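Quick notes on the structure that follows.
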Amino acid sequence: MIVLDKSKYLKVRIALNEVGINNLFARAVVEGHVNGTVNVDNAENPTSFYVRHPYGMSLLFGVTTNQVFNSWLFAHALNLFRTRDRFEWLQAYPEKWNEQIATQWQEYLIKAEENTEGINTLVEVNTRVNFKFNKEKYLDFKNRLTPNDFDIVQADTRMFEQMKGTVIPGRFWDSADDFSKRAVAFSVLDGDMVACTAFSAFVIGQQLEIGIETADNYRGKGYAVGTCCALIDYCMENDYEPVWGCKLENTPSYLLAQKLGFEPTIYWPFYRLND
């Protein structure tokens, strides 16, 4: 399938405006904030789109009836081309795409709660949750918080390079220099160890999507709440809308979001494409 040249991304940006689910990760690609790829059905007049962010998230949108594109999509989902060496998380919009996937991929789909054996040859169906920030709920929660007994510092490029884990700035920004120019993050340190970091995974216009990672040995200490509060406060002080999205199956993130004043608004299919 055609890989669209970056010089033609304007056509993708226009189509993205019609997508009614959180798509900041896709916009980060097409607006040149991070190096990703865009596959389309036609280079000059694209109508079907597949945007991939290097973190491992992808967005499918546009016309659902292009059979050549749909055949490529099916092969990509099952990794028949062997071009993917790690799993990928796919969202599709509008709902017609999800209906088509449910029908055409039926024998290759398995619900997350049924995949107890971790079958790697099927597409696992999870749920992605979009949230809306409620400032009043957040401020009420923060006013009831016990003051932190740990220090929170604004992260720099040195911390960018030291952060370990899955949801870390290094997987959302192309370089430490790019991160320092476009992003913001707050961390809790234990000596030279980065124990927890809340950071801007995507900044598009006046929207800032929050990423959060706590190192295994430091969980349960309130670090995630503290660093997220620091980042949310930064958003409010600088006229950004804080944005949160996560898997419904990621219970800690789902509950943390609501504790911080984020209210669930959309529940949407989230497909895990295996390697």
Side-chain angles (χ1 to χ4, degrees), residues 13 16-17 19 21-36 53-55 57 129-148 150-163 165 167-189 194-214 222-246 253 256-266:
R13 294 174 64 177
L16 262 177
N17 291 333
V19 175
I21 57 176
N22 178 359
N23 57 75
L24 294 187
F25 75 91
R27 290 179 63 187
V29 172
V30 301
E31 294 187 18
H33 294 194
V34 69
N35 289 318
H53 188 282
Y55 173 65
M57 292 179 66
V129 186
N130 290 185
F131 297 84
K132 182 69 175 178
F133 181 62
N134 185 316
K135 181 178 178 180
E136 289 69 28
K137 284 190 175 181
Y138 167 70
L139 292 175
D140 178 65
F141 166 73
K142 189 180 177 187
N143 287 336
R144 292 183 282 109
L145 270 180
T146 302
N148 296 328
F150 48 85
D151 294 327
I152 298 172
V153 299
Q154 189 162 340
D156 56 22
T157 55
R158 175 181 59 86
M159 296 175 200
F160 173 92
E161 296 166 350
Q162 291 178 346
M163 296 174 199
V167 185
I168 57 173
R171 299 188 65 184
F172 290 84
W173 299 92
D174 285 337
S175 67
D177 182 60
D178 190 40
F179 168 76
S180 67
K181 291 177 180 177
R182 300 191 185 199
V184 62
F186 294 91
S187 297
V188 175
L189 302 179
V194 180
C196 179
T197 296
F199 65 97
S200 51
F202 318 109
V203 182
I204 306 293
Q206 290 308 116
Q207 291 185 303
L208 185 154
E209 186 159 347
I210 296 173
I212 176 69
E213 180 79 5
T214 304
Y223 293 170
V225 169
T227 53
C228 284
C229 283
L231 186 52
I232 292 171
D233 289 345
Y234 172 90
C235 287
M236 293 193 298
E237 291 165 4
N238 293 275
D239 297 321
Y240 286 106
E241 175 192 357
V243 176
W244 195 288
C246 70
S253 182
L256 176 60
Q258 293 174 80
K259 184 182 293 187
L260 293 166
F262 292 91
E263 300 173 330
T265 56
I266 297 175

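What you are looking at is a predicted structure, and each value in this text was computed from that prediction instead of being measured. Atoms considered below: every heavy atom in the structure, side chains included; atoms not considered: hydrogens, waters and symmetry mates.
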*Would you confirm whether S200, through its side chain, and V184, through its main-chain N or O, come within 3.5 Å as a donor-acceptor pair?*
yes
*Assess the pair F202 and F172: is the distance between their ring centroids shorter than 6.0 Å?*
yes
Can you list, pair by pair, the side-chain donor-acceptor contacts under 3.5 Å of residues 205-212, counting residues two or more places apart and other chains?
from : atom 1 : to   : atom 2 : distance (Å)
Q206 : NE2    : D239 : O      : 2.7
Q207 : NE2    : E241 : OE1    : 3.2
E209 : OE1    : N22  : ND2    : 3.2

*Going through the distances and angles, do H33 and R182 end up as a side chain to side chain contact (heavy atoms under 4.5 Å, CB included)?*
CA-CA 9 Å; H33 294 194; R182 300 191 185 199; 3.0 Å; yes
*So do L139 and M236 actually touch side chain to side chain, heavy atoms under 4.5 Å?*
yes
*Nearest-0.5 Å distance, NZ of residue K259 to CZ of residue F141*: 5.5 Å
*With a 4.5 Å heavy-atom cut-off, do L260 and K142 have their side chains touching?*
no
*Do the non-hydrogen side-chain atoms of S180 and D156 ever get within less than 4.5 Å of each other?*
no
_Non-neighbouring partners of F262 that pass ring-ring contact (aromatic ring centres under 6.0 Å, His included), sequence neighbours left out_ = F133, W244
*Please round to the nearest 0.5 Å and tell me the distance separating atom CZ of F186 and atom CZ of F199.*
13.5 Å
*Output all residues satisfying salt bridge (charged side-chain N to carboxylate O under 4.0 Å, His left out) with R13, sequence neighbours left out; order by chain, then residue number.*
none
*Could you list all the salt bridge (Lys or Arg N to Asp or Glu O under 4.0 Å) pairs where at least one residue sits in residues 198-208, not counting sequence neighbours?*
none
*Kindly determine whether F150 and Y223 satisfy ring pair (Phe, Tyr, Trp, His ring centres under 6.0 Å), including the steps that lead there.*
CA-CA 8 Å; F150 48 85; Y223 293 170; 4.7 Å; yes
*asked:* Let me confirm one number: the CG-CZ distance from D174 to F179, rounded to the nearest 0.5 Å.
replied: 13.0 Å
_Donor-acceptor pair, distance only, cut-off 3.5 Å: does the side chain of N134 make one with the backbone of K137?_
yes
_Any heavy-atom pair between the side chains of I266 and V129 that's under 4.5 Å?_
no
*Answer with yes or no whether the side chains of D233 and Y138 bring together a donor and an acceptor at under 3.5 Å.*
yes
_R27: partners by salt bridge (charged side-chain N to carboxylate O under 4.0 Å, His left out), with sequence neighbours left out_ = E31
*asked:* Heavy-atom count check: over 12 atoms from other residues, nucleotides or ligands less than 6.0 Å from D151 CG?
replied: no
*Taking all non-hydrogen atoms of both residues into account, name the closest pair between R171 and Y55 and its distance.*
NH2-O, 3.3 Å
*Approximate separation, where rounding is to 0.5 Å, of N23 CG and L16 CG*: 5.0 Å
_Minimal non-hydrogen separation, F131 against P264, with atom names_ = CD2-N, 3.5 Å
*Supply the atom-to-atom distance T227 OG1 to E213 CD, rounded to the nearest 0.5 angstrom.*
10.5 Å
*With sequence neighbours excluded, tell me which residues meet ring-ring contact (aromatic ring centres under 6.0 Å, His included) with Y234.*
none
_Beyond-backbone contact of P54 with V34, side-chain heavy atoms, under 4.5 angstrom_ = yes
*Nearest 0.5 Å please: distance from the OG atom of S175 over to the NZ atom of K181.*
7.5 Å
*Could you walk me through whether S187 and I152 pass side chain to side chain contact (heavy atoms under 4.5 Å, CB included), step by step?*
CA-CA 6 Å; S187 297; I152 298 172; over 6 Å; no
